[in-house]
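Notes to accompany the following structure.
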Amino acid sequence: MASRRQDIFEQRKQKLERLRALGINPYPNRFERTHSARQAVKLLETMEANAASGEQKAVVRVAGRIMAMRKMGRAAFFDLRDGSGKIQVLFQTHGFSEAQIRLFDDIDIGDVIGVEGSLMRTRTGEPTVAVGSFVLLSKALQPLPEKWHGLTDTDTRYRQRYIDLIANVEVRDIFVLRSRIITAVRQFLNDRGFLEVETPVLQPSAGGALAAPFITHHNALDRDFYLRIALELHLKRLIVGGFDKVYEIGRIFRNEGISTTHSPEFTMLESYEAYADYTDVMRMLEEMVSWVSQTVLGTTRIKYAEHEVDLKPPWQRMTLRDAVKEYSGIDFVKYPTAASLKEKMQSMNIAFDPDQNWAKLVDELLKTFVKPRLIQPTIVYDYPVSMSPLAKSKPNEERVTERFQAYVAGSIELANAYSELNDPIEQRLRFEEQMRERHGDDPEQWTIDEDFLTALEYGMPPTGGLGVGIDRLVMLLTNQQSIREVILFPQLREKEG
RNA sequence: GGGCCGUUAGCUCAGCUGGUAGAGCAGGGGACUUUUAAUCCUCAGGUCGCAGGUUCGAAUCCUGCACGGCUCACCA
């Protein structure tokens, strides 16, 4: 009779009241399952394999949400789905009590029910539970999206992810994979003797990167705090403290633009290993990523967008200088100032922002010319010091740091890593330089993590550090082109009204 | 923040150069005891994102706004 959401809601509430009047609780506390949908199907297959042992009937109790109903007079097939999968159930109402028939008549698609019955196969071969009795476990008052097309409206999919998960199995699969990927990363690091730690999200100053922070206020202390923009500075304190191998997988917050590869809150892995340098980290990264892929997907050969990628080590390695030279034709070492580099770029008709400093220009070249060409996983290493304030310089090459980034599939920045700068004097100079560039000459405007510098003054062993964007790793391994597809509840603007 | 595209029934979508809104699924009623996008008959369902404007007349044209998508910028 009804079609508008409110009418459907009212109609279903009436069904609810009818059931209550019959003494049926539409939201009972418990239903004891003997099998998940998948287990029930497995059991049937096992029984069939052992059919020689004679006739046997297995009675199971399964539960799930009704995804489809095919009613045919006194018989009906429902598709039931639980967390494990789907199973068909067959109702033959001739043996049912009056109350069960009344309940059957008021059941809707979307309701959660529990059934007890024997396992069988229909004449078309579909594994089926022939229902002996059933109970309502939860009445759905809202209608489900269309069964064939599911839910495609991205707005609704992100805002009401639960509907997306009900309607679109592929979406569910992505998040199952995400969980497995993170579990595998943990296992890899734990197996190598890394200690998982937790460091503060609320910080008096947000360091370790240059991104704009979110600011919040602590009432009792009456002061502002920043949500962390990196894990780096606290993990290094722990290296100073004597933990030789630490890592954290944690949420990072950056108050910046949102895009298909940027989310204001995202998940970062950072690991630090004492007595290692960036070449050790390179090997660990490629082994970790390929192992995780092998463990979770059963292969290191994956598809991403139009690309075929093999994550198997060893990955291609190129210095930043060679990479930029090869793909853009510019040897930036020959243009050591912003002015000379701009002149060169101008002569080649390469667009750039006139306000950009030298490091930004090089980064621009990397992003525009190099990154799109790196389809197979590639480690680009040895960055200019001005691009890498927390990385250690190469011996005898003051302007170059032991830093690398890993790129793959023409678009994904998988990792950023370096031999960590552990000279406290040099670190202070780099911070000051950075602050001067960003906030001008007035030290009052600067925020420098003094305690971190103090920690370095106690002596940090030579250390190799690694940062991996977990969301991007998940995008890579699940072949998703938008970061929102791998974050369960992505940040959206509030809808008015 | 800029550009482009989108927003029509609960869901998925039609709706032409302006003439006052349609389908499928879902829903109500009916038929049907092995279907699986079940089938058949039937009924109902709309602030066409919001607000203005042009026009005799606007889902349709124009402007503004909201939200979303893509993209550019920003983001070491």
Side-chain angles (χ1 to χ4, degrees), chain A residues 1-12 14-15 67-79 86-95 105 108-110 120-128 130 140-159 163-164 166-168 208-213 229-230 254-264 266 351 353 355-364 366-367 383-391 401 403 405 413 416 418 430 434 437-438 467 481-482 484 490 492-497:
Chain A
M1 187 71 89
S3 162
R4 275 175 300 136
R5 163 164 267 134
Q6 193 56 36
D7 292 345
I8 294 173
F9 187 79
E10 290 303 329
Q11 192 179 63
R12 292 200 174 191
Q14 282 168 21
K15 290 181 178 178
M67 298 305 294
M69 296 199 302
R70 294 176 291 280
K71 287 190 172 180
M72 285 156 296
R74 304 258 58 85
F77 293 96
F78 291 6
D79 290 337
K86 194 190 88 171
I87 190 162
Q88 178 172 268
V89 298
L90 166 61
F91 291 82
Q92 286 170 302
T93 56
H94 60 278
D105 287 340
D108 285 299
I109 290 177
M120 56 165 285
R121 232 174 244 280
T122 61
R123 66 174 62 139
T124 54
E126 181 80 16
T128 301
L141 301 179
Q142 300 282 1
L144 251 40
E146 204 229 9
K147 62 184 169 192
W148 192 240
H149 301 92
L151 179 69
T152 62
D153 180 61
T154 47
D155 197 22
T156 311
R157 287 187 49 231
Y158 297 156
R159 282 181 208 279
I163 309 178
D164 192 25
I166 291 170
N168 301 314
L210 269 187
I229 57 173
R254 294 187 180 177
N255 203 342
E256 279 161 6
I258 300 177
S259 77
T260 46
T261 48
H262 296 81
S263 169
F266 62 100
D353 177 346
D355 295 336
Q356 280 179 329
N357 61 30
W358 186 84
K360 283 273 180 69
L361 292 169
V362 173
D363 200 41
E364 193 64 38
L366 171 65
K367 230 190 285 184
Y383 281 57
V385 65
S386 54
M387 295 173 77
S388 320
L390 292 153
T401 57
R403 173 186 178 192
Q405 288 190 292
E413 274 175 55
N416 184 19
Y418 14 90
R430 299 247 201 118
Q434 194 179 60
E437 189 159 297
R438 194 150 174 113
Q481 273 78 63
S482 168
R484 293 183 194 91
L492 297 179
R493 239 179 257 261
E494 218 174 318
K495 280 221 165 163
E496 48 173 26

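Below, chain A is the first sequence line, B the second, and so on; all start at residue 1.
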Tell me if the side-chain of [X] makes a donor-acceptor pair with the base of [N], cut-off 3.5 Å, by modelled atom types.
X	N	answer
H149(A)	C11(B)	no
T122(A)	U35(B)	yes
Q88(A)	U35(B)	yes
R70(A)	U35(B)	yes

Practice prompt. Starting from the C-alpha separation in whole Å, work towards a yes-or-no answer on side-chain contact (heavy atoms from CB on, under 4.5 Å) for I166(A) and M67(A).
Written response: CA-CA 9 Å; I166(A) 291 170; M67(A) 298 305 294; 4.0 Å; yes
Between [X] and [Y], what is the shortest heavy-atom contact and its length?
X	Y	result
A130(A)	M120(A)	CB-SD, 3.6 Å
G110(A)	L144(A)	CA-CD2, 3.8 Å
D79(A)	R70(A)	OD1-NH2, 3.0 Å
D164(A)	R157(A)	OD1-NE, 2.9 Å
R403(A)	A391(A)	CB-CB, 4.2 Å
I229(A)	L210(A)	CD1-N, 4.3 Å

Tell me the interatomic distance from [X], atom [atom1], to [N], atom [atom2], rounded to whole angstroms.
X	N	atom1	atom2	value
M67(A)	A37(B)	CE	P	14 Å
K147(A)	C11(B)	NZ	P	17 Å
N416(A)	C75(B)	CG	P	16 Å
L492(A)	G68(B)	CG	P	6 Å
L361(A)	A73(B)	CG	P	14 Å
K367(A)	C72(B)	NZ	P	10 Å
W358(A)	A76(B)	CH2	C1'	13 Å
I258(A)	C70(B)	CD1	C1'	15 Å

Distance check, [atom1] atoms only: [N] and [M], in whole angstrom units.
N	M	atom1	answer
A51(B)	C41(B)	C1'	45 Å
U17(B)	A23(B)	P	22 Å
A58(B)	U63(B)	C1'	15 Å
A21(B)	G46(B)	C1'	8 Å
A44(B)	C25(B)	C1'	15 Å

For [X], report the nucleic acid contact type (base, sugar-phosphate, nothing); a contact means any heavy atom under 4.0 Å.
X	result
Y158(A)	sugar-phosphate
L144(A)	nothing
K360(A)	sugar-phosphate
A209(A)	base
R123(A)	base
D79(A)	nothing
Q405(A)	nothing
G208(A)	base
R157(A)	nothing

Item to complete: Show the numbers, then the answer: is there a side-chain contact (heavy atoms from CB on, under 4.5 Å) between R484(A) and T154(A)?
Response: CA-CA 10 Å; R484(A) 293 183 194 91; T154(A) 47; over 6 Å; no
Can you name the atoms? Protein N/O to nucleotides 4-7 of chain B N/O, anything below 3.5 Å, with the distance.
none

Determine: side-chain N/O of [X] to OP1/OP2 of [N], distance under 4.0 Å, yes or no.
X	N	value
R5(A)	A9(B)	no
S259(A)	G69(B)	no
R74(A)	C32(B)	no
T260(A)	U71(B)	yes
R159(A)	G68(B)	yes
K15(A)	G28(B)	yes

Quick check for you: among [options], whose closest atom lies nearest to any side-chain atom of [X]?
X	options	value
T152(A)	G69(B), C13(B), G27(B)	C13(B)
M72(A)	A38(B), U33(B), G28(B)	A38(B)
M120(A)	U34(B), A73(B), G28(B)	U34(B)
I109(A)	A26(B), U35(B), A76(B)	A26(B)
E146(A)	C75(B), A38(B), C11(B)	C11(B)
P145(A)	G68(B), G27(B), C11(B)	C11(B)
R484(A)	C70(B), A76(B), U34(B)	C70(B)
D155(A)	G27(B), G68(B), C75(B)	G68(B)

In Watson-Crick or G-U wobble terms, both distances under 3.5 Å, what is the partner of [N]?
N	result
U35(B)	none
C70(B)	G3(B)
C56(B)	G19(B)
C65(B)	G49(B)

Worksheet item: Is the backbone N or O of A212(A) less than 3.5 Å from a side-chain atom of E256(A), with the two atoms forming a donor-acceptor pair by type?
Response: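 Checked: pair present.
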Discussion item. Can you see whether Q14(A) engages E10(A) through a side-chain donor-acceptor pair at a distance of less than 3.5 angstrom?
Written reply: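 Distance-only check fails for Q14(A) and E10(A).
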Item to complete: Between M387(A) and Q481(A), just flag the one whose closest nucleotide in RNA chain B comes earlier from the 5' side.
Response: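 It is Q481(A) whose nearest nucleotide is closer to the 5' end.
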Worksheet entry | L366(A) vs Y383(A), side-chain contact (heavy atoms from CB on, under 4.5 Å): CA-CA, chis, key distance, verdict | CA-CA 11 Å; L366(A) 171 65; Y383(A) 281 57; 3.9 Å; yes
Discussion item. Apply side-chain hydrogen bond (donor to acceptor under 3.5 Å, both in side chains) to residues Q142(A) and R12(A) and explain how you reach the verdict.
Written reply: CA-CA 8 Å; Q142(A) 300 282 1; R12(A) 292 200 174 191; over 6 Å; no
